[in-house]
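Order of the sequence lines fixes the chain letters, A, B, ..., with proteins taken first and strands second; residue numbering starts at 1 for each chain.
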Amino acid sequence: MILRPRLDDFRVIGLYTGKVITGIGLLMLVPLVTGLCFGEWNPAVEFLIGIGACLVFGLGMEVLCQTRRDLSWSHGLVVAGSSWFVATVLGAIPHWLSGHFGSYLDAMFDVMSGYTTTGLYLLQDLDHVSYALNMWRHLLTYAGGQGIIVIALAFLFRGTAGAYKVYAGEGKDERLLPNVVRTARAIWLVSLAYLIVGSLALWVVGVGLGQSPVRGLLHAVWVFMGGWSTGGFAPQSYNMVYYHSLAYELISCTVCILGSFNFALHWAVWTGDRSEIRRNIEVISFFTTITVAMLIVTDGLLQQGVYPDSAALFRKMFYHAVSGHTTTGFSTIYSRTFVRQWGPLAMLGITAAMAIGASACSTAGGIKGIRLGILFKALIQDVRRMISPETAWVVQKWHHVTTRILDDGAVRTAALIVFAYVAIYAIGALAGVGFGYELGDALFESVSTGSNTGLSCGVTAPTMPATLKVLYIVFMWCGRLEFMSLFALVAWTAAWVRGR
Amino acid sequence: MLTHRSELLDLKNPRNYLVYGTGIAVELAAIVVLTAIGYAVAVIGVWLFT
């Protein structure tokens with residue numbers, strides 16, 4: 001039984017939620033400066049209003065909720081869950097004021113899609129959006145990829161003992177360094193280093209394609225942010241089709257794969273443990289399942305005879321298998337092409353890739369390779385146990401940064417999370433069918449939202465039913481936080497309402 | 001080479017930039033190799049079964 005929260009519990013949660021929202025307000029300074037640099041006065045005012053709202057809420061909570069009490073595990077989970085919701089409501093202010101959205105719900109949909117690195121959007125007339133708003137869209141997804149709690153930890157929190165509990169509540173439980181604040185800074189160090197290298201490479205290609213240096217730089221930074229965060233936002237409505245460039249595709253693909261790696265893996269390699277790349281259970285799992293997905297998609301495309309030559313077929317297949325499996329959502333085809341030309345088998349291959357997703361403690365979503373790896377190891381262990389003498393003690397090991405012995409607790413946790421993901425995929429598909437969409441389309445879109453991928457076969461549009469928009473917002477939220485924070489938030493609210 | 005040490009966070013230490021560069025180069029090389037293997041398996045697999 002969960003005890004009814006007391007005033008002091010609200011203070012702790014309010015204090016830390018306030019810190020996170022203050023961080024979001026400070027983050028809006030970047031699009032504000034972008035707007036001012038390009039003489040976009042109206043967007044600049046819209047961001048000033050957004051900053052004001054975030055700072056009033058954030059600093060107000062910090063003043064009202066003064067407490068010396070540290071966070072408990074339940075507080076950490078509730079702070080993580082509630083921060084993402086408040087950040088979505090307040091982060092949508094500049095979106096809504098831009099006039100590019102049909103409703104505030106649509107604006108919230110896009111902001112949640114950004115934070116959760118999903119990449120689906122309901123924004124209208126993307127090709128005429130201000131630089132400031134485009135910067136905010138991509139910054140949202142870049143920040144969301146690292147985790148908005150991680151931002152607050154890196155720059156606003158002092159090293160409290162409870163900080164780790166909020167960090168874990170955001171679906172990240174790796175400690176790159178013993179201190180969680182330093183861990184958050186290490187995550188940002190890796191992300192910023194790659195931001196410089198990746199953006200530079202994309203900028204060179206963009207300028208080579210004929211973009212002006214300034215426009216090329218903005219596109220490079222935005223595409224990098226969309227790829228690294230496995231968000232899939234792009235500055236143009238044609239997404240990656242806009243660039244028509246093999247070099248742009250190869251670089252963006254590489255960025256997606258890098259972004260989908262566990263930050264602990266990056267840190268291990270950077271600190272000298274290079275063998276980690278070939279030993280890590282997530283890397284092995286990822287490259288096994290993506291190879292199978294590529295086989296399925298290629299066979300599906302061959303059956304349909306869509307592409308005239310094998311080079312074009314493999315180029316499209318490879319890009320979308322990587323985009324889907326890393327849960328990025330970049331695309332070099334139009335949304336309806338999945339349904340009209342790719343056919344059911346290729347769509348199934350991409351759906352499966354999206355459902356599995358990439359690594360835990362990365363910017364990616366989905367079930368995650370580590371869980372599939374653990375379940376596969378558990379299956380092997382059971383088979384070995386069955387064929388071994390009764391007295392034999394069968395030990396199964398798995399490697400992720402350190403080599404560990406597989407125990408029932410790890411298997412149980414992995415199975416529960418896999419079950420939760422499969423449940424939201426199924427519920428989303430049923431809801432889609434209930435609203436009149438074809439089963440294949442509804443499943444594709446449901447998996448895309450639940451796994452925070454963002455590839456669309458055309459279901460997500462401003463004209464879709466409002467209930468489905470709300471459901472997708474919840475799925476994106478659940479998928480990104482890996483359920484536990486939301487379950488804690490619901491249980492905590494229920495305990496408060498029930499009064500015990 | 002540094003091993004899991006927080007000194008890597010020190011941006012004022014020029015040696016750290018060499019570590020970042022080496023880390024990025026190793027990861028990029030690994031992606032190229034692993035992607036090439038996956039791609040080749042997909043091509044050969046489809047060629048065998050069709």
Peer 1: Could you tell me how the ring of H266(A) sits relative to the ring of Y194(A): parallel (under 30°), tilted (30 to 60°) or perpendicular (over 60°)?
Peer 2: tilted
Peer 1: Measure distances from L258(A) to the heavy atoms of chain B and classify the residue's part below 4.5 Å as side chain, backbone, both or neither.
Peer 2: both
Peer 1: Parallel, tilted or perpendicular, judged at 30° and 60°: which one describes the rings of Y142(A) and W188(A)?
Peer 2: perpendicular
Peer 1: Do the rings of W228(A) and F224(A) sit parallel, tilted or perpendicular, given the 30° and 60° boundaries?
Peer 2: parallel
Peer 1: Checking heavy atoms, do the side chain of F286(A), its backbone, both or neither come under 4.5 Å from chain B?
Peer 2: neither
Peer 1: At a heavy-atom distance under 4.5 Å, which candidate from I296(A), T291(A), V297(A) has the highest pair count against chain B?
Peer 2: T291(A)
Peer 1: Non-hydrogen atoms of chain B under 4.5 Å away: do they reach the side chain of F314(A), the backbone, both or neither?
Peer 2: both
Peer 1: For atom CH2 of W398(A), decide whether the heavy atoms of other residues, nucleotides or ligands shown that lie under 6.0 angstrom number more than 12.
Peer 2: yes
